[in-house]
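The block underneath contains the structure these notes are about, expressed in structure tokens.
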Amino acid sequence: MINMVGKKDFTITSIDNFSKEQLFEMAFYEPVTHYYNWNWLRERLENFEKFGLSDFIFAHFDIKDFKMINEIYGHTVGDKVLIRMCDALSKCDWIYFSSRCDNDNFALMVKRMSDEEVRAKLQALFDSLSVLDEDSKYPIFYRCGVASVDNVGDYRATVTDLAKMAQRLGTKVNVTEIHFYTDEMKEKQMHSKLLKKDLTNALENDELIVYYQPKYEPVHNTLVGAEALIRWNYHHERMLPPGEFVPYFEQEGAIEKIDRFVLEQVCMKLEHWKQQGIKLVPISVNMSRAQLYSPLVIDNILAIVDRYDVERQYIEFELTESLAYGDVDYMIQVMKELRELGFLLSIDDFGTGYSSLSLLSNMPLTTLKIDKSFIDEIEMDEDGKVDYIVKNILGITKHLSIYSVAEGVETEDQKNLLKKWGCNYIQGYFYSRPIPVEEFEKFLEVAE
């Protein structure tokens, strides 16, 4: 059998005179692990028949949050993680060729097997390297995409793109994910690129519209605020809900443009209502991961808010709980700066992440939003578990002097239970769907 995997140690001590072997090593091996690099694998990928292959399966994976290993344990430990992976790859007889591409990315050309067999072998590989040798309590997770050369027919070079397309679906935290390419993925990818291309025109042609969903205090049915939600009147032909375009913009990195657009539209309206003498209520706007981790996040926000001379107590930034699966210290620092500047802060989708309670004590929150998934269950909760959870969340918010908002309230029974349990505010179809700004202004006028 042809020896198709392996690694080679090398040390280059002089740059004056290179032998052919040294030049080969510099071209086809990467210096940290001394394992094959992407150049080496690409030659085999693009000319696989020359290397005795008729077909193959291609996989591309990375190590989730690898930078955290470097930051916590140092680059020496991080390098050892990469070396151990290369060692493991070199011993897998089901792999034709493999390489370390860059950073924590690896690529494999795998023997033809069923999807189930490929998944099982990849999972076994990842399971064998699922904890840090230097700290057995530190778990390691992977994100992997798989595609077959059959998926692209004669277009061999794009098999890498298809695998990476599947790999990008791995967005969950604290779990290893293996995704296989499907034709549906390609259609979605093309759709996302089309939407991204149309985004600039959408902004220029007034296709993006901000809707408002009111929030009410349930005891006296008093309007206390609203959430600003984006809608897209696509080519002025049909209205797209957020679920049809926001996930694409999050993946493509264009979501920050929408964040800024929504904030500016809200500030513009708050200024208008103030000039008209209409009673103001806080309006919440979503803060995406891209906006949060922008180095100019505070400056960009202030530039918009101060341009319209909006009092900061009327702007509330909603952060989803999933944003905590990143640089938590940085996130909390940004939140503290926003609170010091007078803005309101809320956590959206509370209860859907494992770290909720540990984060609450450190977050400078003004509001906590209970996820709709809990609200949907409280009327049908035969064993009382969901009721117990919701009651305790409300108890925690009261103890921490944080306002509570229940999302997705649709029935009077839900509203009455939440009112009985001490929920401060209600948001959902029971009071109102998200509505255009003209309709919301009527709510404000009635509330005066």
Side-chain angles (χ1 to χ4, degrees), residues 212-229 266 280-287 312-324 331-332 335-336 338-339 342-381 384-434 440 443 447:
Y212 295 78
Q213 186 170 31
K215 301 175 187 176
Y216 276 81
E217 186 276 312
V219 177
H220 302 97
N221 295 317
T222 304
L223 180 69
V224 293
E227 180 180 2
L229 300 164
V266 167
L280 302 183
V281 294
I283 307 295
S284 60
V285 297
N286 291 305
M287 177 175 283
R312 294 164 187 174
Q313 63 184 346
Y314 293 113
I315 297 291
E316 179 179 67
F317 290 101
E318 286 194 10
L319 296 86
T320 60
E321 190 178 335
S322 62
L323 290 179
M331 181 187 71
I332 292 176
M335 293 176 72
K336 287 181 178 178
L338 290 171
R339 283 295 295 130
F343 295 105
L344 305 179
L345 293 175
S346 69
I347 281 290
D348 197 7
D349 301 333
F350 183 80
T352 59
Y354 78 96
S355 56
S356 305
L357 295 178
S358 63
L359 288 171
L360 276 184
S361 60
N362 295 319
M363 287 181 171
L365 296 175
T366 52
T367 308
L368 183 148
K369 301 185 74 174
I370 303 173
D371 188 66
K372 184 180 184 300
S373 61
F374 290 106
I375 307 306
D376 290 341
E377 297 293 329
I378 59 177
E379 289 181 281
M380 303 174 291
D381 188 28
K385 291 181 180 179
V386 175
D387 289 4
Y388 179 80
I389 292 172
V390 174
K391 288 177 184 177
N392 276 274
I393 291 175
L394 293 172
I396 290 170
T397 59
K398 184 177 181 180
H399 181 76
L400 296 177
S401 299
I402 298 173
Y403 288 104
S404 55
V405 178
E407 293 185 285
V409 177
E410 299 181 355
T411 69
E412 187 168 8
D413 286 342
Q414 290 174 341
K415 176 229 176 180
N416 289 335
L417 281 173
L418 290 161
K419 179 177 69 174
K420 176 182 176 183
W421 297 340
C423 184
N424 299 117
Y425 305 138
I426 299 292
Q427 178 182 347
Y429 286 8
F430 175 77
Y431 283 112
S432 174
R433 296 170 177 267
F440 179 67
F443 281 67

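Heads up: numbering here begins at 1 and tracks the sequence.
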Sidechain-backbone polar pair: Asn424 side chain, Ser404 backbone, donor-acceptor under 3.5 Å: yes
Distance, nearest 0.5 Å, that separates CD1 of Ile393 from CD1 of Ile389: 7.0 Å
Non-hydrogen side-chain atoms of Thr367 and Leu344 separated by less than 4.5 Å: no
Contact check, side chains of Ile375 and Ile370, non-hydrogen atoms, under 4.5 Å: yes
Side-chain ion pair, Asp387 and Lys391, N-O less than 4.0 Å: no
Side-chain touch Lys415/Asn221, heavy atoms, less than 4.5 angstrom: yes
Stepwise side chain to side chain contact (heavy atoms under 4.5 Å, CB included) test for Ile426 and Val405: CA-CA 6 Å; Ile426 299 292; Val405 178; over 6 Å; no
Salt-bridge contact Lys369-Glu318 (side-chain N to carboxylate O under 4.0 Å): yes
Any donor-acceptor N/O pair, Glu407 side chain to Gln427 backbone, under 3.5 Å: no
Heavy-atom side-chain proximity of Met331 to Met363 below 4.5 angstrom: yes
Nearest heavy atoms of Pro218 and Cys423, plus distance in Å: CG-O, 3.6 Å
Lys419/Glu217 salt bridge by N-O under 4.0 Å criterion: no
Lys/Arg-Asp/Glu bridge criterion (N-O < 4.0 Å) met for Lys372, Glu377: no
CE on Met287 to CG on Asp348, rounded to 0.5 Å: 13.0 Å
Closest heavy-atom pair and its distance - Asp376, Gly408: OD1-O, 4.3 Å
Donor on one side chain, acceptor on other, Ser373 and Asp371, under 3.5 Å: yes
Spacing of CG belonging to Leu368 relative to CD1 belonging to Ile396, to within rounding of 0.5 Å: 8.5 Å
Verdict with supporting geometry, Leu365 and Met335, side chain to side chain contact (heavy atoms under 4.5 Å, CB included): CA-CA 8 Å; Leu365 296 175; Met335 293 176 72; 3.5 Å; yes
Heavy-atom check, side chain of Ile283 versus side chain of Tyr212, under 4.5 Å: yes
Check: Lys420 and Asn416 side chains under 4.5 Å, non-hydrogen atoms: no
Any side-chain heavy-atom pair of Val390 and Trp421 under 4.5 Å: yes
Check: Leu345 main-chain N/O paired with Thr366 side-chain donor or acceptor under 3.5 Å: yes
Side-chain donor or acceptor of Gln414 paired with backbone N/O of Thr411 under 3.5 Å: yes
Trace of the side chain to side chain contact (heavy atoms under 4.5 Å, CB included) decision for Thr222 with Tyr425: CA-CA 9 Å; Thr222 304; Tyr425 305 138; over 6 Å; no
Minimal non-hydrogen separation, Gln213 against Pro434, with atom names: NE2-CD, 3.8 Å
Contact summary for Pro282 and Val224, nearest pair of heavy atoms: CD-O, 3.4 Å
Distance (rounded to the nearest 0.5 Å) between Phe440 CZ and Ser432 OG: 9.0 Å
Set of residues satisfying ring-ring contact (aromatic ring centres under 6.0 Å, His included) with respect to Tyr431, sequence neighbours excluded: Tyr216
Gap separating the NE2 atom of His220 from the CG atom of Leu223, nearest 0.5 angstrom: 15.0 Å
Min side-chain heavy-atom separation Val266-Ile315 under 4.5 Å: yes
Side chain to side chain contact (heavy atoms under 4.5 Å, CB included) between Glu410 and Phe430, worked out: CA-CA 4 Å; Glu410 299 181 355; Phe430 175 77; 5.6 Å; no
Tyr403 atom OH, over 12 foreign heavy atoms within 6.0 Å: no
Spatial distance of atom CG (Asn286) from atom CG (Leu229) [nearest 0.5 Å]: 6.5 Å
